Amino acid sequence: MKAHDQETRERLLAAATRLFAGRGFAKVTVREICRTARANVAAVNYHFGGKKGLYDEVVRAAIETMQSTTRAMHDSGEGRTADRQLALYVSIFLRRIVAARDSWIHQLMVRELSDPTPALDLVLTQVVRPRMAYLRRIIAGLLGCPTTDARVERCAMSVQAQCLVLLTHPVAAVRPRQMSDRQLDTLADHIARFSLAGIRDLKT
């Protein structure tokens, strides 16, 4: 690809990312994207095959970032006890959530949840399900049961909900927009200890 074409492609992606995150897929036009990117209206078809192809490229970039969080959880927990794995899962998730609350990825996902497109299936398949599968394996290890045990799913939902309260609006509005490392560590420790106590109680 020629340097000029590559620059145009990158400008289109940058403009589409901002616009799609701000208003969602349906409310953004190709003409608006091209005007913002200072590109010819035919450029979207040339580089991405159309508006949907451009949107899918934006979503793929978001997915790669979210997958990196799951990899960090898995890698940090490698060879650790299930207790420690759960604590690391919560700590990493909270830090990424707080860092992302004002990001384009968060805005894009909020748009997807309120006005879903077929791209939401990609997020569920490539991000949510693998992450939840890892969390279920941790909890199954704590309970000493298969991942298919009904208790595992309920516990996974409980852990996830405690973490997501920092991200979901308007509930997150009750929390400070900025949290220090110490505050995050304290909250992560609380959620992990609270969850471990509940999981252990279910084991008996």
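Along the sequence shown, residues are numbered consecutively beginning with 1. These figures come from a predicted structure and were not determined experimentally.
Between Arg60 and Asp56 no salt bridge is recorded (no basic side-chain N to carboxylate O distance below 4.0 Å). With respect to Lys52 and Glu57, no salt bridge is recorded, no charged nitrogen being found less than 4.0 Å from a carboxylate O. In summary, Asp185 and Arg95 engage in a salt bridge, as defined by a charged side-chain N under 4.0 Å from a carboxylate O.
Put simply, the side chain of Gln67 gets close to the backbone of Gln126: a donor and an acceptor are under 3.5 Å apart. Although no hydrogens or angles enter the test, the distance criterion places a donor-acceptor pair under 3.5 Å between the side chain of Arg23 and the main chain of Lys27. Within the 3.5 Å criterion, the main-chain N or O of Ala87 finds no donor-acceptor partner in the side chain of Ser91. Between the side chain of Gln85 and the backbone N or O of Ile138, no donor-acceptor pair lies under 3.5 Å. One N or O on the side chain of Gln183 and one on the backbone of Ser180 form a donor-acceptor pair closer than 3.5 Å.
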Could you go through the side chain to side chain contact (heavy atoms under 4.5 Å, CB included) check for Asn40 and Tyr46 one step at a time? CA-CA 10 Å; Asn40 187 287; Tyr46 175 76; over 6 Å; no
Take Thr147 and Arg136 through the side-chain hydrogen bond (donor to acceptor under 3.5 Å, both in side chains) test and state the conclusion after the steps. CA-CA 6 Å; Thr147 56; Arg136 283 194 294 270; 6.0 Å; no
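Judged by a 6.0 Å distance limit and a 45° cone about the ring axis, Arg131 is positioned over the six-membered ring of Phe93.
Relative orientation of the Tyr89 and Tyr134 rings is tilted, given thresholds of 30° and 60° on the angle between their planes.
Summarising the geometry, atom CG belonging to Asp189 is positioned 13.5 Å from atom CZ belonging to Phe194; distances are rounded to the nearest 0.5 Å. Of the inter-residue distances, the one linking Leu142 atom CG with Ser195 atom OG reads 10.0 Å to the nearest 0.5 angstrom.
Partner of Arg96 under the side chain to side chain donor-acceptor pair (under 3.5 Å) criterion, out of Thr69, Thr70, Thr65: Thr69 alone.
Within the 4.5 Å cutoff, no side-chain heavy atoms of Val59 are placed close to those of Thr117.
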